[in-house]
Amino acid sequence: MSWFIVFSAFSLAATYGLLAIGISLTWASLGMLNLAQGFTFAVSGYGAWTMSGVTTHPVAVMGAGLAAGATCGVVVSLLAFVPLHDRPNFQVRSLVVTLAISLIGTQLLQQHYGPQVKPLPKLFGDGKLELSGAVLTSDKTGAIVVATVVLATLVIWMRISRRGVQLRAMMQDPQGAALVGVSIRTTAVMVMAGTGALAGLASVLLAQTYFVSPQSGAQPLTKGLVIALLGGLGSISGAVIAAIMVGFTEALTADHLGGQYVLITQFALVIVVLLFRPRGIGGLFDEISE
Amino acid sequence: MSSPTTSTLTITQPTEQRLVGRRRLIPRWRVRPDGVVHRRRWPLTKKRIIHLDGRFNPKSLRREMVVSDKRPMWWVIALGVIAIGPTTLGNGRLLAVGTTFLIYSAINLMWILVVGTAGILSLASLAVVGAAAYTSAWLSISHGFPWPLMLVVGGGVGLVFGAIIAIPARRMDGMYYALLTLGLVELCRVYVIQSKTFGSATGGLYGADSFVPAAMRSTLAGFRVGYVAAFVLLLAALAVYRAVNGERLGMVLRVAREEEAVAESMGIGYESARLAVFLISSAGLGVIGGFYAAYNTGASPNLFTIDRLLLLFAMIVIGGSGRAEGAVLGTLIVTLINDWFVGWGPKRVVIIGVLMLLVTLFARAGLFGIRQQFIEFRQKKSSERRADRVQRKGIVVAEEAIDIQDKQDIAYRAFDRAQRDHLKNLITPQLVEEHRAKPMGQHSDDLERVLNYFRRTPIADKYAVYTVVPFAAYRIVSMSGVPGVPPRIVDDRVHASIDEALHAVFVRRVDDLMGS
């Protein structure tokens, strides 16, 4: 296995992992499968692109992407979670609402911006790094570094901050959290803003390699779902392990079999893992909390 | 004005279909004078064609029949319109869109057996249809299978597929399973696009046998044949849906859907029931797949796209997944928007999405659940109003009324309360002054009413005047109400005359009345 495969596996794992952790966190704390995450991804790509028309400063562009993603997340939570969370059949209904949002939103994006793809400016420069025979491009290195930093910050924040405690209380037991004074709606809006921002970050990072388009969210959404499913919905560590596994599968398949077989091997991986562990890799947590 | 027509007019009694209070309108049928009612049944079964309940009408003093389930009538009307309308209008495009609608309806009917009746969110319906369509089209092209055999092959493929997707459903939780089946659809699409056998180069497989004769294809007659065949397919799907959902299997599945533990404790083997419904539904979907291939003379990867799946999902979400009429209505709405109003362009997707959003946000079980939801909402509101009404008067709330054995007591309390409210208004300083001046009468009307009320109160805790020294010292006591238990002295005031003592009793009673 060459270093190149390891490297590209990690860079894919970094971006998809961000999206997957968003899906996973939303599921664990709100009990809602957010299928509008792909739409949030596309919106933040356009947000960053709009900002890049004003200034190409990397921080401003990334900030615009994050802000657009967070706003989109808040809108989704206001439509899908707040009106429905205490209604019967919440899980399926919220899933349908997020699906409808993504359907409508993607179409509106296409009408407003047109079907052409948009490029983002190179935020990490054009540098290349030579490492024991492998060429490390700056966009992929930047993606890995930024994603790792953000994930580490997220984990620490969840451990020490008051908001993080609220979030973890919601993940363990929403009713119990409500009983001790955690506002379910406020926390939900906050979680969705946060996971939206994560999707925005993933969008900006992936747009370093690919382009921004209305449908650009579909593929990452599928990957994010695969990783979240594989890692066990609700488990961050499981999602990280799953992201690396999926990244490796993708890089290896693309190298040995060809890019068109990527989805097949990934789903085969998911099916095999889920047959043996029906709640995913990190699903142990679910079993204990029951 | 003595024309023959007016002379035959008789005064008709008010029709019995008029609403009484909030009762729902129910059509009633007169029973023959001899009181005999023939309940017609489907041949060779005990199933009734129309469910009639016999009732006694206390107003007309007659026995009458009430149709307790009107749905079969609506179904006959709707199916009649579907069968006759497009075939007689003779519009090729209408027939083509109608055929799409009928095929999708059949797919959705099979699908909601799993999603609605069994309550398992499986998104693999199109994967089964597509796999069956591809297999039968391929066999027809390469081995020359005729179209009836294509349906059989499709059913077989569906059965195998159903067994495969039923295995993970036993172990996995709802959302995990939904995602897995979504992945399965994607897997099928990618495989079909890549595979040379299944026409990756030509964008699908074409050239299979069809039940539309080759000479009639793309003519009005050909469309009509396709439409009629699809209508038969819909009827078959409805029959299968009815046979599963309306019989024992459906009942078992619905119990297991609500609460697995309860089903298990009642001795219901829901696992085998779920396996059965997966096999039946997938076999049905497979036959539809074979039909699809025979109708289109082939299959294309479009069957597996996520967009197509979303469209189907929108259909059952809008119509409601719990009932056959919901699935058909949802299919009708979405097909109409998507296939008939093609001129609207990309706006169609937005409209379907908005419909989906609104229905999900406001309706609990799709469009066909709205009626039940509205009835429940109205009942909740009227019960709230009733509780509010009762509480404001503070007499007896509904819960308390259950505990009171003597129901007359409830009415008496209500009367007593109203009377006290009325008497409170009568009490004025002038009235008290009138009593002080003349405790023994003669009294005004108001004072007499107040005193009558006081006299009627129960003996327990009733005030009385106790003579300590005749014509010199009187005190006020309160009766115990229990024989043998002496009255107790209320306070230590001693009144010099009987009139003064009587007025003191009156003042105490007035205070109690005003305080109640």
Side-chain angles (χ1 to χ4, degrees), chain A residues 23 27 31-33 35 79-80 83-84 87-89 91-108 110-111 115 214-215 218-219 221-222 225-226 228-230 232-233 257-258 260-271 274-280 283 286, chain B residues 115 119 121 123 164 167-191 193-195 200 306-307 309-311 313-314 316-318 321-322 345-366 369 373:
Chain A
I23 293 171
W27 168 261
M32 176 173 108
L33 200 59
L35 292 186
L79 271 175
L84 287 179
R87 299 292 171 85
N89 216 353
Q91 271 188 10
V92 176
R93 283 168 82 182
S94 63
L95 176 112
V96 173
V97 171
T98 55
L99 208 60
I101 292 172
S102 111
L103 211 64
I104 300 167
T106 311
Q107 204 56 238
L108 291 180
Q110 186 147 9
Q111 297 222 327
Q215 270 89 20
Q219 184 97 346
L221 174 69
T222 323
L225 283 175
V226 164
L229 194 59
L230 196 59
L233 290 169
L257 297 172
Q260 68 268 39
Y261 292 106
V262 165
L263 269 177
I264 296 183
T265 50
Q266 272 176 2
F267 276 115
L269 178 74
V270 172
I271 289 169
L274 285 187
L275 280 182
F276 290 101
R277 288 193 65 91
R279 282 160 184 269
D286 275 8
Chain B
V115 177
L121 190 55
L123 301 175
I164 293 172
I167 297 167
R170 290 165 70 96
R171 295 196 46 165
M172 287 164 72
D173 274 1
M175 285 298 151
Y176 289 82
Y177 187 67
L179 288 181
L180 186 78
T181 47
L182 190 70
L184 204 65
V185 179
E186 189 68 12
L187 204 62
C188 287
R189 186 179 70 85
V190 176
Y191 178 71
I193 291 174
Q194 307 303 336
S195 164
S200 60
I306 295 283
D307 291 349
L309 182 64
L310 285 184
L311 215 59
F313 197 56
I316 63 167
V317 164
I318 290 173
S321 63
K347 243 187 299 174
R348 288 171 302 163
V349 181
V350 177
I351 294 171
I352 293 172
V354 169
L355 261 181
M356 230 168 134
L357 197 70
L358 291 179
V359 168
T360 319
L361 282 181
F362 296 108
R364 206 179 304 149
Q373 200 176 341

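In what follows, every heavy atom counts, from backbone to side chain, and hydrogens, waters and symmetry copies are set aside.
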message = Do Leu121(B) and Leu95(A) make a side-chain contact, defined as non-hydrogen atoms from C-beta onward lying under 4.5 Å apart?
response = yes
message = Under a 4.5 Å cutoff for heavy-atom pairs, which residue among Leu355(B), Val354(B), Ile351(B) has the most contacts with chain A?
response = Val354(B)
message = Can you give me the closest heavy-atom contact between Gly353(B) and Ala100(A), atom names plus distance?
response = O-CB, 3.6 Å
message = Given heavy-atom pairs under 4.5 angstrom as the criterion, report whether the side chain, backbone, both or neither of Leu310(B) touches chain A.
response = side chain
key: Contact origin within Tyr177(B) toward chain A - heavy atom pairs under 4.5 Å   = neither
inquiry  = At a 4.5 Å cut-off on heavy atoms, which part of Gln111(A) comes close to chain B: side chain, backbone, both, or neither?
reply    = side chain
ask   = Which pair of non-hydrogen atoms, one from Arg87(A) and one from Leu361(B), has the smallest distance, and what is that distance?
value = NH1-O, 4.4 Å
ask   = What distance separates Thr360(B) OG1 from Leu79(A) CG, expressed to the nearest 0.5 Å?
value = 11.0 Å
task = Answer with side chain, backbone, both or neither: which region of Val350(B) has an atom nearer than 4.5 Å to a non-hydrogen atom of chain A?
result = both
query = Between Thr106(A), Leu33(A), Ile104(A), which has the largest tally of heavy atom pairs under 4.5 Å with chain B?
reply = Ile104(A)
inquiry  = Working to the nearest 0.5 angstrom, can you tell me the gap between Leu357(B) CG and Leu103(A) CG?
reply    = 10.5 Å
request  = Counting only heavy atoms closer than 4.5 Å, note whether Leu84(A) contacts chain B via side chain, backbone, both or neither.
outcome  = side chain
